Each structure stands twice: as C-alpha cells, then as structure tokens.
Amino acid sequence: MSDEEAETAVESLADYVDRLGLPETFTDRDAEASTAVNELAERLRREAGDAKYVVGLGFGFVAVAEEILRVTEQDPFPDALKDHPPLEKDGRGRDVKTLTVMIGEDKVGLRKFYNNAEKAIRQDLRRYDYPNCAPHATGEWRTYREYLDALLAMSPGERRAFADELWEQVLALPRAERRSTAGTRRRPFATLLQEFDTKGHGEPGGAVLQGMAFAYFSADAPNVQLETHKVGAGGSRLGAVGDVDGWTGGELDLSVEVKDLDITMDNLDALTGFLVNLAEWPDTAALVVARSFSDMAKEALAEQAIQTLSKEDLIDRVELWDVKKQEAAVNGFEYFAVRVQQNTDFITRFDAFVQEQEIGD
C-alpha cells in the first residue's frame, strides 16, 4: 500500500468516532436517509460555505445529542432542551456562553466535543484551512440551535446519516501534504556527538571529548579566539587556563575544562587544577564539559560560578542548530584531530566515520 493509499484508508469516520467523542458503536448503525436529514444537510452545505466552523459545530451537536439521549435514556427526545433548558448563568451569576445542559447530576457541555472535532480536523486530518476558533464557534451555538433540536428528534440511523454528511464536508477541505523527508540533509555534528565513541580506540584518553568541546564552542562562540592544546601536552605549562580558552584580545572571556568522566563528589578533585587557574580570572565564563554530572557535583560547581555541560546537554543544544552551524562544528572537530591532536588513530577513525555516516561535504 502506498503512503497516499494508507492515508486515505484512515480517513473514514469509523476511525475517528473515539476522537470525536461519539459512541464506540456509532458507525455500526445503518445510515438512514430522510427528509429531515436532507434538509439539515442542505442547510449545512449552505452555511459552512460562509463559516467553516459550522462543520465542527455540527459534530459537537451530534456528540451532545448522543450524550443527552444516553443520560436521559430516551431516543429520540425532541423536547430534551425544553425539559432540560441550557444554563444561562453559572453558579457565580456569570453568563454561560457555550451550550451547557444539566440533567440531574450529569453535565453535558458542547465545548469539549467541539474541541475534539477541531483537533481531529486540523491536526489529525491536516485540514489547516479549518479555522482555529473554538471560543467563537461555541459562543455562536444559539445561532445554530436548530441543528441540535433536529438531531434530538432524529433516529440513531438519521444521526449517523447526518454525521456522514459532516464527514464529507471535512474531507472536501484541502489537506496539507506532509513534509517530505526525501533528500533531507543530516545534522552532522549532532550525529558526531551521538555516534562517535569518545574512548577506547587508540587515541589519548579524553582527546575525543575535548575535540567535541572545542568544535562546539568554535561554532557557538565565533567572536572569541579559541585556543586549545594536545591532550597530555601540559596545558598549564603552555599558559592555558582550561582545555579550551576563548580570548578577546588579551582578556579571557571563556574557559572550558573537559573531563571524559562521570563527575561526582568522589572525583570532583580532578578539577582542582582548573579551579586554581581560574582564581586569576574572576570575570571569565567558566564551564566544565564531562560525560555526566551528579546533582551534588553540579550544585558544588554552581556555587563557584562554574557551569556544567554533559554530553547529553551538548546533544540537546546542537539538535536545535541549523545545518550550516553543525557543518562548521564538524570542521572544527576535524581541525582538532588533524592540527591539534595529530593522532593517526584519531584521524583515521574520524575519516572512516564521516564516510560511513555520510556527513562530510
């Protein structure tokens, strides 16, 4: 079955009775054509041309009628609204704008059924030309009360026949086509963060995650001059504050320490050197990037004005980036592998990953 055939197959009233708030067996009834149904359908076609919401209001009225008849155990019940007049005021004396009927302790309201219809038409069936106007539509119920009066006087089969007419009116509205995914460009840096393993392939420990952090900030903070160094080269001896530093002239605006660890209170001392280095730069935006952080570790770092980014945090943020920005980050990662870390295993694995995932230029 093609996609078009599959969509057509589910566009039947029987598949939507639950979403419309109609009885489960509603479409098991035989549709019963009659003069009353034909007259109401003709009015519907005429009025829906000027106010599309009348179609949803019609479905709301069908559902309200079904509920009133169920509660009163009378079917048909043409005098239902005479015996149970719609509320004019609520308990606080305010005007009731939508149709609300009390039958003993049971409350039957139009709004929820209209909302069901509007949602099914606009969202499920993708008829976006149908108006999004529930308050206005339900507030106009008195203008169209004759629909409900007629439905309460109809037989179950007649109500089914009228619902079929409503459904035809819905399907006659133009349907928005689904956005095609054919030829969609992959999100390259998100793919890299999700799929490229950070350890255990011959590279120095922590090198891959440091490359990811460098790549992330090279794309996300283009206005600072980023500096980083080869893992194991001794950043402090090179005058670095963190593993990735962002400079504006002679001012350190950003400093990032990278640990390919699950940071907890037990291993928080792994950041001691970074904290010591930061003491000379109190105004610098300081961050730690790690595989994950315990809640207590995050709180302890926050008390020292240090932000935390887990690998999952990076993925969540990058998912919102456009493709061009993600491509820039992948280029930054390649720069780190080739020009900074200069590790053959790292470069070879990255090249193979790019080919396999088809995320290169």
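Predicted model only: the values in this text are computed from it and were never measured.
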Open item on the list: Measuring from atom CD of Glu47 to atom CZ of Arg43, what distance do you get when rounded to the nearest 0.5 angstrom?
Closed with: 4.0 Å

Open item on the list: Let me confirm one number: the CZ-CZ distance from Arg145 to Arg142, rounded to the nearest 0.5 Å.
Closed with: 9.0 Å

TODO: Measure the acute angle between the ring planes of His136 and Tyr53, then classify it against the limits of 30° and 60° as parallel, tilted or perpendicular.
DONE: perpendicular

Task: Interatomic distance, Leu314 atom CG to Phe217 atom CZ [nearest 0.5 angstrom] - done: 7.0 Å

Open item on the list: Under 4.0 Å between a side-chain nitrogen and a carboxylate oxygen: does that hold for Arg339 and Glu334?
Closed with: no

Task: Derivation of the side-chain hydrogen bond (donor to acceptor under 3.5 Å, both in side chains) call for Thr191 and Gln357 - done: CA-CA 8 Å; Thr191 301; Gln357 298 292 330; 5.4 Å; no

- [ ] Look at the aromatic rings of Phe77 and His84 and report parallel, tilted or perpendicular, splitting at 30° and 60°.
- [x] perpendicular

TODO: Could you tell me whether Asp124 and Arg19 have a side-chain N and a carboxylate O separated by less than 4.0 Å?
DONE: yes

Task: Nearest-0.5 Å distance, OH of residue Tyr335 to CG of residue Leu226 - done: 10.0 Å

Open item on the list: Looking only at the side chains, is there a donor atom on one of Glu140 and Thr143 sitting less than 3.5 Å from an acceptor on the other?
Closed with: yes

Open item on the list: Ignoring hydrogens and geometry beyond distance, is a side-chain donor-acceptor pair present between Glu312 and Ser292 at under 3.5 Å?
Closed with: no

Task: Donor-acceptor pair between Glu32 and Ser155 side chains, under 3.5 angstrom - done: yes

Open item on the list: With rounding to the nearest 0.5 angstrom, report the CG to NZ distance, Asp50 to Lys52.
Closed with: 9.5 Å

- [ ] Using a strict 4.0 Å threshold on nitrogen-to-oxygen distance, state whether Asp220 and Arg317 make a salt bridge.
- [x] no

Task: Phe162 six-ring centre to Arg159 NZ/CZ under 6.0 Å and within 45° of normal - done: no

